[in-house]
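Structure, as C-alpha cells:
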Amino acid sequence: MDRNGLLIILSSPSGAGKSTLARRLMDWDDGLRFSVSATTRSPRAGEIDGHHYHFTDSVTFRDLVAQGQMLEHAEVFGNLYGSPRGPVEAAMREGRDTLFDVDWQGGQQIRASALGRQVVSIFVLPPSMAELERRLRARGQDAADVIANRMEKARDEISHWAEYDYVLVNDDLDETEARLRTILNAERLRRDRQTGLGPFVQSLMTTERQQDDLGT
Ligand SMILES: Nc1nc2c(ncn2[C@@H]2O[C@H](COP(=O)(O)OP(=O)(O)O)[C@@H](O)[C@H]2O)c(=O)[nH]1
Ligand SMILES: Nc1ncnc2c1ncn2[C@@H]1O[C@H](COP(=O)(O)OP(=O)(O)O)[C@@H](O)[C@H]1O
C-alpha cells in the first residue's frame, strides 16, 4: 500500500478520559489500530489480557526492552508501560493508522523514533482538577491511595501540554469525540496531500499540455 500510516498519540492525566475517547474513536473507524501496551500493573476488574493491555511481569518486560521489542517504554505511577514494536510496524506496512494511549514520556519517544511517519499528538485536559478527581472516583477502579497518587502526578503530566499538536478540554464527551474526529479527518487529508496526490496532479497537468499540443 502506498499510503503512510499516521502515528496518533493521545495523552492526558489519569482520569481525564483518554481511554474512553480512544474506545470511541476505534468504534467509529475500523481502519484505526490501537496499540495495545504491555504493562506490569495488575489488571483491573473487567480488563482483558491482550485487549486492554498485555499484562506481564517486570523481568519479562525488561527482556522485551533489551531485545529492542519496545517502540517506547516508561515508568508511570510505579509500573512499567511500553508499546510493542511489532504490531505498529505491521500496521505501518499495511498503511494503517495507529492510536497510542501513552503518557508524555511515551509521546516524546514516539515523536523521536517516528519511523519516518507523520505523527499527530493530542493532549486531553480535564475541565477542572475537581472534576478530574470526581472522574477517578466515579470510575470506581482504584483504591483511595492510588487515586491520591494519580492526582498528585496529574500536574506533572499537564505540564507537558505544550509539546502536543492539539489540546482538547474534555468537558462534554460527545463534543470532544467530534473534535477528535475532525482532527483525524484533517490529518488524513494532509497525509494524502503529501503522499497520494502527486501523481494525480501530474496527470492533470499532462492532460492540459496534450490539449495545448493539439492547438485547442
Ligand atoms: N509511555 C507509556 N505510557 C503508557 C503506556 N500505556 C499506558 N500508558 C500510560 O500510563 C498511564 C496509566 O495508565 P493506566 O494504568 O491504564 O491508568 P489510567 O490512565 O488511569 O486508565 C496513563 O497515562 C497511560 O497513558 C505505554 O505503552 N507507554
Ligand atoms: N467528558 C466526560 N464527562 C464525564 N465523564 C467522563 C468524560 N470522559 C470520561 N469520563 C469518565 O471519567 C472516567 C475516567 O475516564 P477514562 O477514559 O478511564 O480516563 P483515562 O483513560 O484518561 O484515565 C470514566 O469513568 C469515564 O467514563
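Only heavy atoms go into these numbers, but all of them, side chains included; no hydrogens, no water, no symmetry mates. Ligands are counted one by one from 1 in listed order, and the atoms in each one are counted from 1 as well. Start at 1 with the first residue, then count along the sequence.
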Could you check whether atom CZ of Arg44 has more than 12 heavy atoms from other residues, nucleotides or ligands sitting under 6.0 Å from it? yes

Can you name the atoms of ligand 2, numbered from 1 with element, that are less than 4.0 Å from a heavy atom of Asn170? 1 (N), 7 (C), 8 (N)

shortest atom 14 (P) of ligand 1-to-protein heavy-atom contact is with Tyr53 OH, 3.4 Å

Are any of the N/O atoms on Glu157, whether in the backbone or the side chain, positioned under 3.5 angstrom from an N/O atom of ligand 1? no

Would you mind listing which atoms of ligand 2 come within a distance below 4.0 Å of any non-hydrogen atom of Ser19? 17 (O), 20 (P), 21 (O)

For ligand 1, is there an N or O atom under 3.5 Å from any N or O atom of Gly82? yes

Pull out every atom of ligand 2 sitting under 4.0 Å from any heavy atom of Gly17, numbered as shown with elements. 9 (C), 15 (O), 16 (P), 17 (O), 19 (O), 20 (P), 22 (O)

Identify the closest protein heavy atom to atom 18 (P) of ligand 1: which residue and atom is it, and at what distance? Arg150 NH1, 3.4 Å

Donor-acceptor pair between Ser121 and Tyr166 side chains, under 3.5 angstrom: no

For atom 27 (O) of ligand 1, the protein heavy atom that lies nearest, with its residue and separation: Ser37 OG, 2.7 Å

For atom 16 (P) of ligand 2, the option (of Leu10, Asp171, Thr20, Asp172) bearing the nearest heavy atom: Thr20

Is Ser12 touching ligand 2 with its side chain, its backbone, both, or neither, if touching means heavy atoms under 4.0 Å apart? side chain

Got a salt bridge between Glu187 and Arg191, using NZ or NE/NH1/NH2 to carboxylate O under 4.0 Å? no

Evaluate His73 for polar contact with ligand 1, using N/O atom pairs at a separation under 3.5 Å. no

What's the shortest distance from atom 3 (N) of ligand 1 to any protein heavy atom, and which residue and atom give it? Asp103 N, 3.2 Å

What do the steps show when you test Leu136 against Arg150 for side chain to side chain contact (heavy atoms under 4.5 Å, CB included), and what is the final call? CA-CA 9 Å; Leu136 280 172; Arg150 279 158 192 255; 4.1 Å; yes

Side chains of residues 58-65: which donor-acceptor pairs under 3.5 Å do they make with residues two or more places apart or in other chains?
unit_1: Thr60; atom_1: OG1; unit_2: Asp57; atom_2: OD1; d: 3.0
unit_1: Thr60; atom_1: OG1; unit_2: Asp57; atom_2: OD2; d: 2.9

Ligand 1 contacted by Gln109 (non-hydrogen, < 4.0 Å): no

Take every heavy atom of Arg44, measure it against each atom of ligand 1, and state whether any distance is under 4.0 Å. yes

N/O separation below 3.5 Å, Gln105 to ligand 1: no

Numbering the atoms of ligand 1 from 1, which are under 4.0 Å from a heavy atom of Phe77? 11 (C), 12 (C)

Tell me which protein heavy atom sits closest to atom 19 (O) of ligand 1, plus the residue, atom name and distance to 0.1 Å. Lys18 NZ, 3.2 Å

For ligand 2, is there an atom lying under 4.0 Å from some heavy atom of Ser14? yes

Among all protein heavy atoms, pick the one closest to atom 20 (O) of ligand 1 and tell me residue, atom and distance. Ser14 OG, 2.4 Å

Of the protein's non-hydrogen atoms, which lies at the shortest distance from atom 11 (C) of ligand 1, and what is that distance? Val76 CG1, 3.7 Å

heavy-atom search around atom 24 (C) of ligand 1 in the protein gives Asp101 OD1, 3.5 Å

